[in-house]
Structure formats: structure tokens, C-alpha cells
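Notes follow once the structure below has been shown.
Order of the sequence lines fixes the chain letters, A, B, ..., with proteins taken first and strands second; residue numbering starts at 1 for each chain.
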Amino acid sequence: MHGSRSHLPATGDADALLRLVAACRAPAHLASLRAAHARLLLLLHPSHPSAAPARVKLIQAYAACSALPAAHAVLDSLCSPDHGAATTTICFNVLIRALTAASLHRDALRIFASMRPRGPACFPDHYTYPLALKSCAASKDLLLGLQIHSAVARLGLDANRYVAHSAISMYARCGFPEDAYRVFDGMQNRDVVSWNAMISGFARAGLFERAVDVFKQFVVLPCSIPDAGTMASILLAMGNAKAEDIILVGKAFNEMRLKELISWNAMLAIYANNEYHVNAVELFLRMEKDGVEPDSMTLATVLPPCGELSAFSVGKRIHEIIKRKGMLPNLLLENALTDMYASCGCLKDAREVFDSMSARDVISWTSIISAYGKHGHGREAVDLFEKMLGQGLEPDSIAFVAVLSACSHAGLLDVGKHYFDSMTCRYNITPKAEHYTCMVDLLGRAGCISEAYDFIMMMSIEPNERVWGALLQACRIHSNMDIGLVAADSLFRLVPEQTGYYVLLSNMYARAGRWADVTSVRSVMANKGIKKSPGASIVELGDRVHTFHIGDRCHPQSEMIYQKLDELLGRIRGIGYNPEVEATLHDVEEEDKEGHLSVHSEKLAIAFLLINTSPGTPIRVTMNLRTCGDCHLAAKLISTITSREIILKDTNRIHHIVQGACSCGDYW
DNA sequence: ATATCGGCGG
């Protein structure tokens, strides 16, 4: 496509000119389009049978070239009586469609309103109303939406399913889901789009359970065929879903004969948003096997689960796919890659992605800051935060969480205090529970327990369990019984069923040698029927994820793993390993403390990877609890005797261990 | 010659 007139077809060939018009899809084609337009005017008399379709094509083409005024001008030229009213309406529809597609909803509604004065012959029709209602929905204009919907009813067009579907969406998006449901309920025969509209309507109005109910009603219908729209609609309602619902949606997805990319992406997102990380990664592998071409949404969705699982090799392969497909630069993907690498403990790769970016937003900076923070490199995190400020970017609430937690991981007490003050005073950000948790953790672990307690007392919001949990943790480290008991009381009041805190408390007693109290906490747990959440470690080997539990003997290689572990523990005893009996984070039986420590899931996972990977390969382990002191020490010594990097990610941070030294500097 | 529902980060 070129702008020069010499490339235009010879005069007289209207069809070729129309094909040329239809091929103009970008601003660069505008000159060609104008030239073709001029020729067509000369060639086609308004009464010519091709004149009307030509107008429609011209409006579409101008809109596609982002020349909306020109598109509008074509419409304005339609004043001659040679044009039928039908043509005029179609041209209006096409222009309005172009405006809604460009999210110019106010303009769309203005053009819509200007139809009537055109004369009694030019009515909006069943094509126009859905577009108008969509614009009402997008601009949350319930009043206009109601007017339009009642006009539609007066005209008897409300039986049209397109109209009904856009009305459902309009009412729901304007915050009136029950009115949306009335439209849905009154429909004579519903199709899949009707159901999708109602599902997403309830979801968008925040009525997640209603949305899931409608989904369930739909899939049990004898001849219902859910489609990509169904999957995309239900996704929003599955933020914090019940296991049975996730299984149900997964079943519907599996039964879909034709799986469009959006369906795959939605299913991935449902798994990812519900911490079904393994399912998400496995689904992605299935996509690869089935030859489904991923798009940037697919990859941006599956990268966080890769990070969560420390599935470095899959994550790295996704990075290769992104590069091969020429998807970069793309902020969403680059930010996701930074996070994924950081979460896998590959700070260097995370930094490389970050450095290679051609544009960075606050989220990019937050990602790299929290990457350094989680690895215990507080100074670097703080430097990056300052650099971000230097670039004129305004930190938001989450950016402050990143820098404050970096300070707390590294024990940068004064810097953390400074940022907390600057957040509230300079940036007028109201601290949330996360910020308070960082500060209590920072103060508490630095030994300022009573200051941390005072901090909680001065909070402007009700302290939640994480805030008290941070204080209890600090009290355990510094053996502060008095405040520790206050924290424990508050915790048991807030979340009596949360097991981790009982363990923390019993640990605190254990550290102080108060074994009677340890026993009484345990009996409270036993009386309440509380079961500790089992410690589990996961590792990636090839494309498979392996899970280990404490004392696990289910793994096919179990025999070898225990042999290896025995050998390792024997060797590190010789260089200073002495099981930390007091730090019995996950054990149950007191009499067998050392035995239990030696089979903590992270140790099994490390032994498993040592057996199955070649010398020099880094060992990556992700666990669902905080790593205990004993395992931390063992991992450091094992890294020494085997000359392996060990990257241990727990729920709180990342321990990057090289030759016996951990990035956390043993402050954790 | 034209339309309805639908995915979103740190």
C-alpha cells in the first residue's frame, strides 16, 4: 500500500478501488484511502448500486486508519435523497461501531443521539441499540441506559437477543444485577451468549456466588455448549474459588470440543489465581504438547505460577518463546519475567530483564526492588527505590510494601522508619496492614519489641493476624515472653484455627525451655482438633514438579533419598552441624526431635535433587512454611561440601546459599 | 454492507 496516485487502479475499476479501500487499515494508508475516496466520488453516482456499500466501506476504512473525523464526514455527505434511509442507518451503525471499538463511548452516544433529528426516516435499529447500550455500560450511564432500554421495548425490539444481551451487561455494569437478571429471566430462548452475559454480569457486580450458580445451571442443561466467552466470564468470579467449583470449571473446559486460546488462558488464570500452581504449569505443558500457540496473555499468566514453584526451566523456556515470537518489548511480560526470575532465586536474570527494558513503570521497579528485598539485599533495594524516585516516578502503596519489606529483611531500621514517614507524610498514602506488618517485623526483629508493640497500639486500623504474627515471631527470636503472650492471645482471638501460630508459640516456649507450656499448647491444639498444616517442599526436575512432605516415604526414589540424606548429615556433622533441637518448627513427637528434624521436607528435597542433577546444577527448593534454623544451617553446610548453590524459598523470603554463605546474612 | 457476552500485573 502506497500513498502515490500512480499505484491506484485505472479509472473505471470501482471494484478494485473498493478492494483498495478495504485494505486501508492503518494511519499510514490514509493518503491512499483519500485518493481512492476521491476517485470513487467521481466514479459512482449516488444512485449507483455500489454507492451505498462504498460509503460503508469508506467509513470503516477511515475509522481503521484512526481518521474518525473523516469517517464522520462521509456520514455527513449522506444528505442527498438518493440515499435510502436504510443506508443512512447502516452508516450510522458502522460509525458508532467504530467509536465503541475505540472506546470513545461518549462520542458514540453523541452520534447515536444525533440520529433522530436526521428525519423521521432515519431510526436507530436493532443493530444500533446494542451498541448504544454497550456505551452506556462502559460509561456507567444507567439513566441513559434505562431510557434506551425502554425505547427499545416500545419499539418491540427487546425480544432481539443482541439487544437483550447488551441490556443485561448494561444493568450489571451499572450496578443493578437484579435488573440484569430480570432481562435474562424474561428471555424466551437463551443461547450461550445469554448465559455468558448473565455470568459475567453477576461477576462484574461482585456477586461471585450467583455467577457460579448461573454457570452451574448452564452446564447441566442437556445441550449446553460452553465456549470461550463462558470461560472468560466465569474467570472473574473465580478469584477465591472453592475447590469443587474449580474442578467443575476444569471439567467444562476439558469437555469443550473446540478450545479457543481464550479458554486456555482463562483456565490457566483460574488455576493461577487460586494457587493451583502445579495445575497451571501442567496445563501450559499440555498446550505445548497439543500444539496450541500461546499469546502474550498465556505467557503472562503462566509465569507467576512458574515463579511460585521455582520452575526455572519452564520459566526460562517461556522467556525463549517470548524472544522467539518477537513479543518484546512488552511491559506486562517483562514485569512478569522479572518476577519469575526473582521468585526462582535468579536475581541476576531478573536484573538482566529489568536492565534490558526500554520502558519501565512503577510495577517494573516494584518487581526488581522486591526481588532484591526477598534475597536480603536491602541496600540495593533501597538504592533502586531512590533511583525510581529520581526518574520522577511516584511510588504507590505496593512500591512502599516492597521497600519496607526489603528494609525489614535486611534489618535497615532507620531507613525503614524514614520510608514509612515519607509514605504517610510526603506521599499521603494511608498505611495498610501490609505496611504495618513490615514495620512491626522490622522493629521487632531488630530487638525493639516494645517499640513494635507501641506501634501496633498506635495503628489507625485494626491490627490483623499478620501484624500480630510478626510481633510473635520477633518475641520468639528475642525470647520476650510477656509481649509474646499478648501477641499470642490476640492471635488466638482473631484466628483460633490458624495452626502456624500455635507452632510459633510452642516454639517460643521451647526456646525458653518452658517444656510444660509447650505441652499445654499442644494439648490445646489437640483439644480443638487442630491439625498442623503439613510442611511441604516442592522441586522442579525437568518438566515435572515433585512434592515432599515431612518424613515422606511415598516417593519412588525414597530409599536412595534417605541414604543420600544420611550420608550428607554424617558428613556435615564433621564440620559443625549439630541438630537444633529447640527449633522444632514442624515436629509432633518431642521424644524424637532430632529424628524429625532430619526428615524435614526441605532436606528430602535437597537430597532428591542432589541425586538427580549433575554436579554444579543449582538446587532450587520451594516450601510452604518458613524454613527452620536447623534446615538453614544444614543447607549452608551441604552447599559447602557439594559445591552446589542452594536456593531455598520459603513463605517469607529467598535464601540464596553459595559455599556456606546465605544471602540473608543469617538475619531472618 | 452492520450488532450481543468475554481474559488484566507488582
*For A/Arg360, which contact category applies under a 4.0 Å heavy-atom criterion: base, sugar-phosphate, or nothing?*
nothing
*Looking at every strand, decide which applies to A/Ile90 at a 4.0 Å heavy-atom threshold: base, sugar-phosphate, or nothing.*
base
*Indicate, with a heavy-atom threshold strictly under 4.0 Å, whether A/Asp191 touches base, sugar-phosphate, or nothing.*
nothing
Indicate every side-chain donor-acceptor pair of residues 168-180 of chain A with a distance under 3.5 Å to a residue at least two apart or in another chain.
{"from": "A/Tyr171", "atom 1": "OH", "to": "A/His149", "atom 2": "ND1", "distance (Å)": "2.8"}
{"from": "A/Glu178", "atom 1": "OE2", "to": "A/Arg210", "atom 2": "NH1", "distance (Å)": "3.1"}
{"from": "A/Asp179", "atom 1": "OD2", "to": "A/Arg182", "atom 2": "NH2", "distance (Å)": "2.5"}

*Counting any heavy atom closer than 4.0 Å, what does A/Val362 reach on the DNA or RNA strands: base, sugar-phosphate only, or nothing?*
base
_A/Lys325: partners by salt bridge (Lys or Arg N to Asp or Glu O under 4.0 Å), with sequence neighbours left out_ = A/Glu293
*Who pairs with A/Glu288 by side-chain hydrogen bond (donor to acceptor under 3.5 Å, both in side chains), at least two apart in sequence or on another chain?*
A/Arg317
*Taking ring-ring contact (aromatic ring centres under 6.0 Å, His included) as the test, write out the residues that go with A/Tyr127, two or more places apart.*
none
*Residues forming a side-chain contact (heavy atoms from CB on, under 4.5 Å) with A/Ala138, sequence neighbours excluded*: A/His105
*For DNA chain B, find the residues of residues 328-341 of chain A with a heavy-atom distance under 4.0 Å and give them by number; none if there aren't any.*
A/Leu331, A/Leu332, A/Asn335, A/Asp339
*Looking just at side-chain N and O atoms, do A/Ser194 and A/Asp191 make a donor-acceptor pair shorter than 3.5 Å?*
yes
*asked:* Any base atoms under 4.0 Å from A/Arg190, or only sugar-phosphate, or nothing? Heavy atoms, all strands.
replied: nothing
*Just checking A/Asp227: base, sugar-phosphate only, or nothing, at a heavy-atom cut-off of under 4.0 Å?*
nothing
*So what does A/Ser200 touch, heavy atoms closer than 4.0 Å: a base, only the sugar-phosphate, or nothing?*
sugar-phosphate
*Are any side-chain N or O atoms of A/His435 and backbone N or O atoms of A/Ser397, one a donor and one an acceptor, separated by less than 3.5 Å?*
yes
*Scan A/Leu131 against the nucleic acid and name what it touches under 4.0 Å (heavy atoms): base, sugar-phosphate only, or nothing.*
sugar-phosphate
*Do any pairs count as a side-chain hydrogen bond (donor to acceptor under 3.5 Å, both in side chains) and have a residue in residues 246-258 of chain A, sequence neighbours left out, and if so which ones?*
A/Asn254-A/Arg286
*Partners passing ring-ring contact (aromatic ring centres under 6.0 Å, His included) against A/Trp264 (at least two apart in sequence or in another chain)*: A/Phe253
_Outermost DNA chain B nucleotides near chain A [under 4.0 Å, heavy atoms]_ = B/dA1 to B/dG10
